[in-house]
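All heavy atoms count here, side chains included; hydrogens, waters and symmetry mates do not.
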Amino acid sequence: MKILFTPAVAVALLASSSSSFAFSPPPKRSASRALSSLSFSSTSGMSLVSLHQAINNDNDVYTKLYERRPRPKYIPGVIDDPNYVRIFDTTLRDGEQSPGATLTSSEKLEIAQMLAKLGVDVIEAGFPIASPDDFAAVQQIANVVGNDVLDDDDGYVPVICGLSRANPKDIERAWNAVKGAKLPRVHTFIATSPIHMETKLNKTPDQVVDIAVQAVKFARSLGCNDVEFSPEDAGRSDPEFLYRILGEVIQAGATTLNIPDTTGWNMPWEFGDLISKLLQNVEGADKVVFSTHCQNDLGLATANSLAGARAGARQLECTVNGIGERAGNASLEEIVMALALKGSTHFGNKLYTAVNPVYITPTSKMVTEYTGMPCQPHKAIVGANAFQHESGIHQDGMIKNKSTYEIMTPESIGLMRGESQSGAGIVLGKHSGRNAVGTRLRELGYDLPADKLNAVFDRFKQVAEKKKGGLEDEDLEALVTDQAGLQDALWQVTGLQVSTGMSGIPTATVKMRGPDHVERYVAA
């Protein structure tokens, strides 16, 4: 079936499919920054009526999220628009380092293709020296995704990046893996904190500076004109030493300086202050792009990344669902939606990204399925409970105006809520109120008088106290039938016998009389 709606409708339809990442690639995006038409499977389970309602009910939100500004032309070390924030996704590298999150080469390719649809600026495809399979996966992504221009107007194609330690063998391996891409990048690193230099590297600060400089120079000598350098554990490093080593690698040819809070040690104000000081004190800071890479050991990775952006960082490294080493990384979906909703008002500058948020849900689901790492239900943006409501007070507000308890719509991230759960994420449980129960019953076709609704609601509360996970529509209908005195019952139980004990096989026999007044029984 072919459907022609607004760009927002077409993209939302794609993202709403129950098998969203099984679609063939959509048409290339036009200057409108979204799709104008789309062929889709009739199994998506999304009614056109509910789709229209979703768009019409939340038009202001859609206007804000879909009318994105053009992406600046990619130039290593330069961003023409000082308000633009590059999104560097490291799901396939740092994310895969989560214990138990191993991905196959084909799975990595599919995730990389989805990340390109999502519109990230940089895909860190892996650590090529780690294994032959990792090298092959990075190379395949560079050759396929790194050459697939997704926007004919601005020439968008993601940068494909490979990570390497600061030694020639690693760097050459990374370069050989990514050089087939239109926009290849090598990302090299060495630790700079006292504890790392003294106990892990057994190197002096002078030696570390020399290794870093030689690494960047070697990468440039191979023909790589886009080199990212990271001082590992920068969050616990001496700022004065960072000024020195970063200034040296800029002179050697680095184009992006990534500042990692490797252990998640910093508070947001500390990390933001560090970025500010680096921009003020590193010689040549105006010739490169500063980046952040924040771990989540204290649950502050997203906050630290946003603090870095507010202080002047213009590349933010993150992962889908926040997966990564130990407690994970800054969450891509949290960063993107925070900037989409507040980037123009709360960061000093009007910050923005070119990420297409309606691909957030299908990308999250793909990463969850392929890594085997489900999100906790209360995970911001993509958790199962992120757009669901059980409190009676909240449900009443949602029925009257969804903006009372939701600061974004699920449709804006590609999650089509449709007509289920009263179109407002209403989960009927023990905390639900009379308004929510009555509203859902009317939607199911039961317009009950006040006394019968009160009786159903009282029974609902009794059942909800014991039933975990909330009541489904079938449960509500059973309560209505129960309170109606079974007047419309077609079958009646006339006998029941159960036999059990410490030995032998338990048995049960049920006898019922049907509408023809004939009794029938079944035993098991």
Side-chain angles (χ1 to χ4, degrees), residues 6-8 11-12 15 29-35 58-89 115-123 150-151 153-159 183 256 258 268 272 275-276 279 288-294 301-320 330-361 363 380-381 407-409 411-414:
T6 64
V11 178
R29 286 173 286 176
S30 65
S32 67
R33 312 300 299 162
L35 301 174
D58 302 297
N59 188 58
D60 56 334
V61 177
Y62 273 99
T63 299
K64 183 178 182 62
L65 293 176
Y66 284 96
E67 292 184 358
R68 297 184 307 282
R69 294 161 65 180
R71 184 193 309 266
K73 180 181 179 181
Y74 184 79
I75 304 172
V78 177
I79 300 178
D80 289 336
D81 187 343
N83 295 327
Y84 184 72
V85 178
R86 287 176 179 165
I87 298 299
F88 178 113
D89 181 87
L115 290 170
K117 293 178 186 179
L118 185 62
V120 302
D121 299 275
V122 186
I123 298 174
L150 295 179
D151 195 316
D153 294 303
D154 67 10
Y156 165 69
V157 60
V159 175
L183 298 172
T256 298
N258 180 49
I275 296 296
S276 294
L279 286 166
V288 297
V289 173
F290 273 80
S291 171
T292 69
H293 181 109
C294 299
T302 297
N304 283 341
S305 299
L306 294 173
R310 191 173 188 274
R314 288 297 177 265
Q315 175 180 285
L316 304 182
E317 302 197 358
C318 47
T319 62
V320 176
S331 166
L332 180 148
E333 57 274 9
E334 293 172 15
I335 287 174
V336 166
M337 294 311 292
L339 291 177
L341 295 172
K342 309 195 82 167
S344 63
T345 57
H346 286 69
F347 288 83
N349 300 77
K350 294 188 176 182
L351 303 187
Y352 70 102
T353 76
V355 168
N356 188 345
V358 296
Y359 283 97
I360 285 176
T361 293
T363 306
I381 316 297
I407 61 172
M408 72 193 84
T409 67
E411 291 81 9
S412 68
I413 63 160

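Side-chain N or O atoms of T361 include one that pairs as donor or acceptor with a backbone N or O of I413 at under 3.5 Å. Under a 3.5 Å cut-off, the side chain of D121 and the backbone N or O of I87 do form a donor-acceptor pair. Between the side chain of R314 and the backbone N or O of N83, no donor-acceptor pair lies under 3.5 Å. Put simply, the side chain of R71 gets close to the backbone of G119: a donor and an acceptor are under 3.5 Å apart.
Nearest heavy-atom pair, I335 versus A330, reported as atom, atom and distance to 0.1 Å: CD1-CB, 3.8 Å. In this structure, A338 and L306 approach most closely via the heavy-atom pair CB-CD1, 3.8 Å. Nearest approach of S344 to K350, heavy atoms of both residues: O-CG, 3.6 Å. The two residues C294 and N304 make their nearest non-hydrogen contact at SG-CB, 3.6 Å. In terms of heavy atoms, P357 sits closest to M337 at CB-SD, 3.8 Å.
For the atom pair CG of L150 and NZ of K117, the computed distance is 9.0 Å after rounding to the nearest 0.5 Å. Atom CG of N258 sits about 7.0 Å away from atom CZ of F88, to the nearest 0.5 Å. Rounding to the nearest 0.5 Å places CG of L351 at 12.0 Å from OH of Y84. Residue I79 holds its CD1 atom at 4.0 Å from CZ of R86, rounded to the nearest 0.5 Å. With values rounded to the nearest 0.5 angstrom, L316 atom CG is found 9.5 Å from T353 atom OG1.
Side-chain contact between T363 and L332: absent, with no pair of heavy atoms (C-beta onward) separated by less than 4.5 Å. A heavy-atom distance below 4.5 Å is found between the side chains of I381 and M408. Counting heavy atoms from C-beta on, the side chains of L339 and F347 come closer than 4.5 Å.
Residues satisfying the side chain to side chain contact (heavy atoms under 4.5 Å, CB included) test with I275, not counting sequence neighbours, are I259, F271, L279, T292, A311, A313.
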